[in-house]
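Structure first, then comments.
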Amino acid sequence: MRLNTRTIRGITYVYYLESYRDPKSHKPRSRIVKSFGRLDRLLEQDPDIMQKLRREVEEINTAHKSLEADELRQSLDEFFKGSGRGAENTTKCCATLNYGIALYRNIWNSLRLSEKLESVMKRSGRKIEFDFSETVFLMTAFRLLNPCSRRATFRLKDSTVIPFEGIAGQDMYKALRELSGFKTVLEKHLFRELSKRRQRNLCVAFYDVTTFAFESTLADEEGLKNFGFSKDKKFNEVQVVLGLLMDSDGIPLGYELCAGNTSEYRTLIPALKRMKREYGVKEVIIVADRGLNSGANLAAIKRLGMDYVMAMKVRGCSEDLRQKIFDSAGYTEKYDEETGAVAYKYKILPQTRIVRVKEGNGGTGDNESRNKDRNEDSHQKSNEKSNKAVKEELEEQLLISYSEKRARKDAADRQRLVKKAERLISSPSAYRAELKKGGKSYVKVSVGEELVLDTEKIAEQMMFDGYYGIVTSRRDLEPEKIASIHHNLWKIEENFRIMKSCLEARPCFVWTDRSIAGHFLVCYLALFIQKLLENEVREAGIAASTNELLEAAKSAQVLIIENYDMPVYMKVNTKPLFDKVCELYNMKPLRTWNKKAEVSRALNIGIR
């Protein structure tokens, strides 16, 4: 309860206001407990009236807390002594509920996701008989706290303090199908909400591609599930391809979900077009790994008015570039302090590269309509066959670096593959059955169809041990800046690790395209919330990794001791880290013993 004032038509009124939570909607409400009338008249009677009322409300609140503590203590005494009505429940099992979910609920609410989901569902005109936004939150929260199938999620939905009422098992799958149609809307909504919440650095955007497998060999030639090159070496399972775009803080900007047989080269430009169209992002440096470095992609990035920083393969380069790389002139050397040997060196090579790009491949940028974008993206293969190739000049600078540490790693990696190649040579049947390139790439078939070690290729690759290339269209960037920008690409690899390991996005156990799209949108929502949490925790000066934050949320549990007078919530197992993080999100750490209302107020949510 608190002292409050309100001005209506120039007249100020004074009253006591009490906050409470609606038992049906579980939303916070307020009500007037006592009204004192007009402030001007009160001041005429007593100039110190406001100070007196403030002291009075503090005394009332203190007395109320003391009374609650006495009631709680008495209830616990009765229960543990086995006296009174509590004795009837001494053999009853006590439920343990997770309340770490309250952290994700508060972040979810702050992003206004329930409001957006209810709004888009209403505008769609579809009538559903279950709580759509609550079902989506349930799946998202469990993807973070206890990743499992939709069926298991439904079975475990009563294991948290949040009452997920009115949700049936089949509603989980219905919600996935409905959710699949709102991908772009939710991406734009999260982009706007995060821009209000924090200053985003969109001068640099990172993009990479990975694959997610299904435990199935049934391909859908017209759909998403299909065979293709697997990043996880699961070549005997169907998969989907996912391209993720993120900002410099590691927070996702959006993603593209493609069929499993889609080349990773084809995923980049549609994602960038959509980012430019939906978010209005214009001048940005795109950072990607060398797997996406193709002439068509680089030319298309420049057509979109953007720049790039990408890794570049130095093995197999032109003879002219090879001579420049191995020419010792122009290198800036860094020495090892202990040995005095050259530990690292680098140099910049300005270059004008000619690339051949087929007309219609990559789009033209600003004046394209959404329909034209979709038409180009969906018919890119046929365009490449029918359109003529044109030459385009790319003004670039190439950063070549050499590291002794990288040279040792390259040599060790190659030696491991050479040993595997030797085993394949000794067993021709194993060579024929081998699907992975790896060691097989060092085996060649002689004129007499005999398997022999490709010593020439090994010697060729040995020359480039320790060398690494990064190409950029920005000629004004210093070498240190180029290396720093590209180094942050590890953050997107970490996002893929979180999706695959922590969120267990794979293997996928849904089979229709709409359900698959809905599943990955749930995973995207979970990843977005987790990365936002990590950034805000780090900015608050709290050191915690992804796994530590997830474990802290999982550890937050209460044991409900049932008593006929009132249930008692006992805090158990909660890690100190969770209590620290709670305070960042308008939550308070629970005491050891709590009443239901106290838990609800501390967590800022309605509880069961």
Side-chain angles (χ1 to χ4, degrees), residues 143 147-152 173 176 180 208-244 255-268 289-292 294 313 380-381 413-414 416-445 449 451 453-454 457 492-524 527:
R143 192 52 51 184
C148 52
S149 67
R150 255 56 57 177
R151 182 177 297 178
Y173 296 95
L176 276 186
S180 64
D208 205 353
V209 175
T210 192
T211 55
F212 292 87
F214 296 73
E215 290 191 341
S216 172
T217 57
L218 299 176
D220 184 356
E221 297 297 334
E222 302 298 325
L224 291 171
K225 303 192 307 295
N226 214 326
F227 291 101
F229 178 78
S230 171
K231 299 274 187 174
D232 300 322
K233 311 300 181 186
K234 296 182 180 294
F235 299 109
N236 59 339
E237 295 178 356
V238 292
Q239 64 180 19
V240 293
V241 173
L242 186 140
L244 184 66
Y255 70 99
E256 293 291 325
L257 188 64
C258 307
N261 60 347
T262 305
S263 167
E264 62 180 317
Y265 286 107
R266 299 183 183 278
T267 64
L268 175 61
D289 209 349
R290 61 189 181 187
L292 294 158
S294 69
K313 295 179 181 178
Q380 195 170 4
K381 289 183 180 180
D413 290 344
R414 184 179 55 257
R416 186 177 65 253
L417 294 177
V418 167
K419 288 182 178 180
K420 185 173 182 179
E422 290 171 345
R423 289 197 299 269
L424 293 175
I425 291 171
S426 63
S427 175
S429 60
Y431 173 81
R432 288 190 294 271
E434 180 64 39
L435 296 175
K436 302 175 185 178
K437 292 182 179 179
K440 196 173 183 178
S441 63
Y442 291 120
V443 180
K444 67 178 181 180
V445 181
E449 296 188 357
L451 299 179
L453 196 64
D454 194 339
K457 185 174 183 178
I492 203 162
E493 294 293 344
E494 182 187 48
N495 280 345
F496 288 150
R497 180 191 65 79
I498 292 171
M499 290 186 73
K500 293 181 178 182
S501 300
C502 301
L503 308 184
E504 296 185 18
R506 50 128 205 221
C508 308
F509 294 107
V510 285
W511 310 107
T512 66
D513 279 2
R514 289 180 66 194
S515 294
I516 293 169
H519 167 73
F520 282 100
L521 184 47
V522 166
C523 293
Y524 177 80
L527 177 65

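- Separation of atoms CZ (Phe496) and CG (Leu244) is listed at 5.0 Å; rounding is to 0.5 Å.
- Between atom CG of residue Leu268 and atom CG of residue Asp208 there is a gap of 10.0 Å, rounded to the nearest 0.5 Å.
- Scored by the side chain to side chain contact (heavy atoms under 4.5 Å, CB included) test, Lys313 finds Arg290 as partners (sequence neighbours excluded).
- Side-chain N or O atoms of Glu256 include none that pairs as donor or acceptor with a backbone N or O of Val209 at under 3.5 Å.
- For the salt bridge (charged side-chain N to carboxylate O under 4.0 Å, His left out) condition, the pairs that include at least one residue of residues 497-510, sequence neighbours left out, are Asp232-Lys500, Asp232-Arg506.
- Using modelled atom types, no side-chain atom of Lys440 and backbone atom of Leu424 make a donor-acceptor pair closer than 3.5 Å.
- Residues satisfying the side chain to side chain contact (heavy atoms under 4.5 Å, CB included) criterion with Ser263, sequence neighbours excluded, are Tyr265, Arg266.
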Residues 218-225 side chain polar contacts: donor-acceptor under 3.5 Å, at least two apart:
unit_1: Asp220; atom_1: OD1; unit_2: Glu222; atom_2: N; d: 3.3
unit_1: Asp220; atom_1: OD1; unit_2: Gly223; atom_2: N; d: 3.3
unit_1: Lys225; atom_1: NZ; unit_2: Trp511; atom_2: O; d: 2.9

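- Contact check for Leu451 versus Pro428: side-chain heavy atoms found under the 4.5 Å cut-off.
- The backbone N or O of Leu176 lies less than 3.5 Å from no partner atom in the side chain of His519, so there is not a single donor-acceptor pair.
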**Message:** Could you walk me through whether Glu264 and Leu292 satisfy the side-chain contact (heavy atoms from CB on, under 4.5 Å) test, starting with their C-alpha distance in whole Å, then the side-chain angles of each, then the deciding distance to 0.1 Å, before giving a yes or no?
**Reply:** CA-CA 7 Å; Glu264 62 180 317; Leu292 294 158; 4.2 Å; yes

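- Applying the ring pair (Phe, Tyr, Trp, His ring centres under 6.0 Å) rule to Phe509 yields no partners; only residues at least two apart in sequence or on another chain are considered.
- Qualifying side chain to side chain contact (heavy atoms under 4.5 Å, CB included) partners for Thr217, counting only residues two or more places apart in sequence or in other chains: Phe227.
- Side-chain contact check for Asp413 versus Arg416: some heavy-atom pair is nearer than 4.5 Å.
- What you find for Phe235 and Gly228 is that their closest heavy atoms are CD2-O, 4.3 Å.
- Proximity of Val238 to Asn226: side-chain heavy atoms (C-beta onward) are nowhere separated by under 4.5 Å.
- Between Ser441 atom OG and Arg414 atom CZ the span is 11.0 Å, to the nearest 0.5 Å.
- The shortest distance between side-chain heavy atoms of Gln239 and Lys231 does not fall below 4.5 Å.
- Taking the side chain as every heavy atom from C-beta outward, Tyr524 and Arg143 never approach each other to under 4.5 Å.
- The CG atom of Asn495 sits 11.5 Å away from atom OG1 of Thr210, with the distance rounded to the nearest 0.5 Å.
- Within a 6.0 Å sphere centred on NZ of Lys234, other residues, nucleotides and ligands contribute 12 heavy atoms or fewer.
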**Asked** Could you walk me through whether Arg514 and Tyr173 pass the side-chain contact (heavy atoms from CB on, under 4.5 Å) check?
**Response** CA-CA 10 Å; Arg514 289 180 66 194; Tyr173 296 95; over 6 Å; no

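- In this structure, the side chains of Phe229 and Thr211 stay at 4.5 Å or more apart for every pair of heavy atoms.
- Residues Leu503 and Pro147 are not in side-chain contact: their nearest non-hydrogen atoms beyond the backbone lie 4.5 Å or more apart.
- Among all heavy-atom pairs drawn from Leu453 and Ala421, the shortest one is CD1-CB, 3.9 Å.
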